[in-house]
Amino acid sequence: MTLDLDFVRSQYPVFQNSETAQWAFFENAGGSYVPHPVIERLNHFFKYTKVQPYGLFASSVAAGQAMEAAYSCVAELLNTHPDQLTFGPSTTMNFYVLAQAIRPSLRAGDEIIVTNQDHEANIGCWRRLAEFGIVIKEWQIDPQSGELNIEDLKELVGSHTRLVCFTLCSNIVGTINDVKTISNIVHASGALSVADGVSFAPHRLIDINDLGVDLYLFSTYKTFGTHIGVMWGRKEVLEKLESQGHYFNSDKPRYRLNPCGPLHAEIAALAGLGEYYDALYEKHFTDLNLSRHARGVKVFDLFAEHESRLANQLLDTLQELPGVRVIGQAHAAAGQRAATIAFLPAEKKPSEIVKRLADNFIAVRNGHFYARRCIEALGLKDPEEGIIRVSLVHYNTEEEVSRLVDGLRALM
Ligand SMILES: Cc1ncc(COP(=O)(O)O)c(C=O)c1O
């Protein structure tokens, strides 16, 4: 079975409007388009229940119920309990708060391993802890491929390791890291594994308990939702973190790691994600007895198959173009590479190509995408120019990729 793209695209207002629909949009890793059900819930909240939720008057009760529906929906999708989720304003902020919450349990001489493959969100907040005597070690990428080698991690972990902070999938390299093997190594040393799922979550739906990590963070504005950062933790790990909320909220699971308080409407709208995935499920499958998580997994399996095909359409062309350096794996094998494809042209500046593509209604970007250490480690001389990144998701089409490929052939 293949993904019914006409149906998928009918769910997005942006594809129904002639001005916006003419764009081949490949900047999804920066922030994805939003389907009707999410927009409708956001609109409804702002129109009718834009009051402080959880009060006793009707609109406030309704606002609280709308938020609860979203907590439940995201928890069901990830196969977890809502109390294990914190909905903050972004993943960067969630990481920052998490680092503050973990700090009191660390002692001078304790070690934290970070990578140079990650987005800075999962590096900088940990590196700052060096001022408290925490030793920061760096798990470094191969400068040619951009990939992390598990053997190197084995050399770095030891009896002082407390945390290993890594990404499930780099927003530049695209390789899906072997999270289970990594977490096994981390746990064998007695440390916790902290995983950035931002570039992974738009492409795969995981059973979070099965992943093996202790803390998992991702951003819903890259998974077709509103601008929220979701942080999940294992119950026993969350319980040990020091509350960062108001003292009277320190026992409330959803508030203790969210000092800024929940963004009501943006959270409420996330229930629309469940409706969106359900609509896709019902279009493609018939068994309605499965859990929301199991239904979601089947939908994401269709996404993955479609995305791999598009990724290979682009990767094959890039390899034909003279002098182009593709970052990461040259072929998108199922489960091993997300359709986030970064490359460097042989002669022209990345920004020059990006501009020419934009003149033809093709949206991509260049730069370091806040994974600046990764870009530098790859040996790129000008990190601001960085690489060109094409990030595909399930609503992209073969025809759009053909337009991109033709454009690249003409320009490079
Ligand atoms: C891999 C990765 N991690 C973390 C982040 C930070 O997420 P947020 O913008 O929600 O802070 C991003 C954002 O681009 C990202 O791509």
Side-chain angles (χ1 to χ4, degrees), residues 25-34 74 85-100 114-128 139 141 146-148 164-177 179 182 193-204 206 211 213 215-232 257-260 262-263 266-267 269-270 273 327-328 337-342 363-375 377-378 383-384 386-393:
F25 181 67
F26 297 118
E27 229 291 279
N28 295 289
S32 52
Y33 286 162
V34 184
V74 176
L85 299 172
T86 302
F87 287 56
S90 73
T91 291
T92 304
M93 182 61 100
N94 283 343
F95 268 125
Y96 186 86
V97 174
L98 179 62
Q100 297 308 309
V114 294
T115 77
N116 62 354
Q117 192 188 54
D118 272 83
H119 183 285
E120 193 62 19
N122 193 21
I123 303 176
C125 64
W126 306 116
R127 284 188 169 274
R128 281 167 190 265
W139 183 13
I141 55 170
E147 296 193 320
L148 291 165
V164 178
C165 307
F166 64 98
T167 181
L168 261 66
C169 174
S170 144
N171 63 344
I172 304 288
V173 184
T175 303
I176 296 178
N177 289 324
V179 58
I182 294 171
S193 63
V194 181
D196 178 340
V198 174
S199 283
F200 175 84
H203 308 288
R204 305 282 188 280
I206 38 105
L211 202 56
V213 300
L215 293 142
Y216 174 79
L217 294 85
F218 71 100
S219 305
T220 50
Y221 72 97
K222 317 221 190 210
T223 66
F224 325 109
T226 44
H227 202 119
I228 292 288
V230 178
M231 173 160 60
W232 172 89
L257 296 176
N258 189 11
C260 66
L263 301 174
E266 289 76 6
I267 291 174
L270 292 180
L273 280 182
I327 311 294
R337 196 199 210 291
T340 305
I341 296 162
V364 298
R365 285 183 80 143
N366 67 293
H368 56 73
F369 301 95
Y370 283 25
R372 191 170 167 127
R373 293 172 206 269
C374 179
I375 291 292
L378 285 164
E384 293 300 329
I387 40 84
I388 299 174
R389 184 179 72 179
V390 177
S391 58
L392 303 145
V393 292

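Side chains are part of it too, since the values below use all heavy atoms of this structure and drop only hydrogens, waters and symmetry mates. Only a predicted model underlies this, so the values are computations on that prediction, with no experimental measurement involved. Order of appearance sets the numbers: ligands from 1, and atoms from 1 within every ligand.
Counting heavy atoms closer than 4.0 Å to ligand 1, residue S219 contributes side-chain atoms (C-beta onward) but none from N, CA, C or O. For V198, every heavy-atom contact with ligand 1 shorter than 4.0 Å involves the side chain, none the backbone.
One N or O on the side chain of N258 and one on the backbone of F87 form a donor-acceptor pair closer than 3.5 Å. S391 places a side-chain N or O within donor-acceptor distance of the main-chain N or O of N28, the cut-off being under 3.5 Å. A donor-acceptor pair under 3.5 Å is formed between the side chain of N94 and the backbone N or O of G229.
Near S199, meaning under 4.0 Å from any of its heavy atoms, are these atoms of ligand 1: 1 (C), 16 (O). Near N171, meaning under 4.0 Å from any of its heavy atoms, are these atoms of ligand 1: 1 (C), 16 (O).
Between Y216 and F200, the two ring planes are perpendicular [angle over 60°; tilted spans 30° to 60°].
Nearest protein heavy-atom contact of atom 15 (C) of ligand 1 is H119 CD2, 3.3 Å. Atom 3 (N) of ligand 1 has its closest protein heavy atom at D196 OD2, 2.5 Å. Atom 11 (O) of ligand 1 has its closest protein heavy atom at T92 OG1, 2.5 Å.
Within a 6.0 Å radius of OH in Y33, other residues, nucleotides and ligands contribute more than 12 heavy atoms. Within 6.0 Å of CZ on R127 lie more than 12 heavy atoms contributed by other residues, nucleotides or ligands.
Rounding to the nearest 0.5 Å places CD of Q117 at 9.0 Å from CG of L378.
In this structure, Y221 has a heavy atom closer than 4.0 Å to ligand 1. In this structure, G229 falls outside the shell of residues with a heavy atom less than 4.0 angstrom from ligand 1. The shortest heavy-atom distance from K222 to ligand 1 is under 4.0 Å. For T167, the heavy-atom gap to ligand 1 stays at 4.0 angstrom or more.
Salt bridge present: R372 and E384 bring a charged side-chain N and a carboxylate O closer than 4.0 Å.
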